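Throughout, numbering of the chain's residues begins at 1 and tracks the sequence. Here the structure is a predicted model, which means the values were calculated and not measured. Start at 1 and go down the list; that is how both ligands and their atoms are numbered.
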Amino acid sequence: MREKILISTGGGDAPGLNAVIFAVVKSATRKGWEVYGSRSGYGGLLDRDDLVRLSPEDVEGILPVGGTILGSTNKGNPFAVPVENLAGEIKIVDISDKILSNFKRMGFFCHVAIGGDGSLDIAHRFAQKGMPVIGVPKTIDNDLEATDRTFGFDTAVSTATDAIDKLHSTAKSHDRVMVVEVMGRESGWIALYSGISGGADVILIPEIPFSLDAVCEKIADNELHDKHYSIVVVAEGAASEGGQVMSKGKGELGRDEVVLGGVGEWVAAEIRDRLGKDTRSLVLGHLQRGGSPTTFDRLLALRFGAAAVRMAEAEMFDHMVAWTPPTMTSVPIADAICRRKKVDLSSDKVLTAREIGICLGD
Ligand code: F6P
């Protein structure tokens, strides 16, 4: 019987998550279903206090609000929970059976799981165990091959572009090189879009191993042409030719992925050493994940939420909603998570960058 539907948000937050929740609540309620939200990923299936009834009144006004009203975590893999015993040893425990039996006992007929590839992988594993799951893709990195866009990306790019715009005046006043590190993991989408739109001189992306000689040549060339400041945008996952992606280690206990970062500071130090040029670096970091979603992201997120409810009604479980313009489609979650979307080096955006004189580090 279709009566109760569960919704959760997992992994790093992204502007637009609340718009998905809004659409699911509104649309499912109109079908006569009750909607429940699970706090912090699967928290609501472990502790009643973390399960919240969501009525249309509860979601009024959340469309422009960043983050997620349900909270999120990227160390919440129920198939591998690290538990510390009294001796200080860490044991990995699988609590997925408990979560699944609570889901069934509570009478949900569907779980709408909003997440990035990590959270969707967990959702797929639950689907294989018998939980009827619909996936909704989310990441500011825009790196899921199965969907043309993920919500959050447009907002992150706007924030990064705005920051780069602001750096121009201070860099120019001091004749400095400003190196700005942006997010994106192994894909260069945020760096490429914001760097081109923000008028950067150099953009370094993971898809093109960079040469510091090429970077310094571009900055020196600017000097020759009487431009005494330069803006360098570096994706956190970019690496020099033959070099390694820089990381800050695993971060919190129970987290699967390493925390990327450090390349911006390193590039700045190299430029300073090689050219003797006053150089500063900054990391935009989580500013890119915060704030109100742009209109584009809101609309996409609302469409994802409504499409997820349609898919629940059609019982298209273990599938993820995807946008392949101009239509909303669905893909098996397993197919969606195994393919990362990289910047196509022959694309018009890359050509545009090169043709307007931006150095891509090669
Ligand atoms: O995947 C989204 C993202 O913001 C990446 O761009 C970034 O590397 C990572 O999450 C940061 O994660 P955390 O919130 O754990 O610092």
Q: For the residue pair F153 and W189, categorise the inter-ring angle as parallel (less than 30°), tilted (30 to 60°) or perpendicular (more than 60°).
A: perpendicular

Q) Any idea how F151 and F304 line up, ring-wise: parallel (<30°), tilted (30 to 60°), or perpendicular (>60°)? A) perpendicular

(Q) Please confirm whether V259 approaches ligand 1 to less than 4.0 Å, judged on its heavy atoms. (A) no

Q.
Using the rule that Ile, Leu, Val, Met, Phe, Trp and Tyr join whenever any side-chain heavy atoms are under 4.5 Å apart, tell me whether V83 and I122 fall into a single cluster.
A. yes

Q: Tell me which one of Q288, M183, R289, R185 gets a heavy atom nearest to atom 14 (O) of ligand 1.
A: R289

Q: Could you pull out all residues at least two apart from Y42 that satisfy ring-ring contact (aromatic ring centres under 6.0 Å, His included)?
A: H111, F126

Q. What part of D141 sits under 4.0 Å from ligand 1 if we count only heavy atoms: the side chain, the backbone, both or neither?
A. side chain

Q: Taking the six-membered ring for Trp and the full ring for Phe, Tyr or His, determine whether the centres of F109 and W33 are under 6.0 Å apart.
A: yes

**Q.** Sub-4.0 Å atoms of ligand 1 with respect to non-hydrogen atoms of H286
**A.** 13 (P), 14 (O), 16 (O)

Q. Taking distance alone, with no angle check, do G184 and ligand 1 share an N/O pair under 3.5 Å?
A. yes

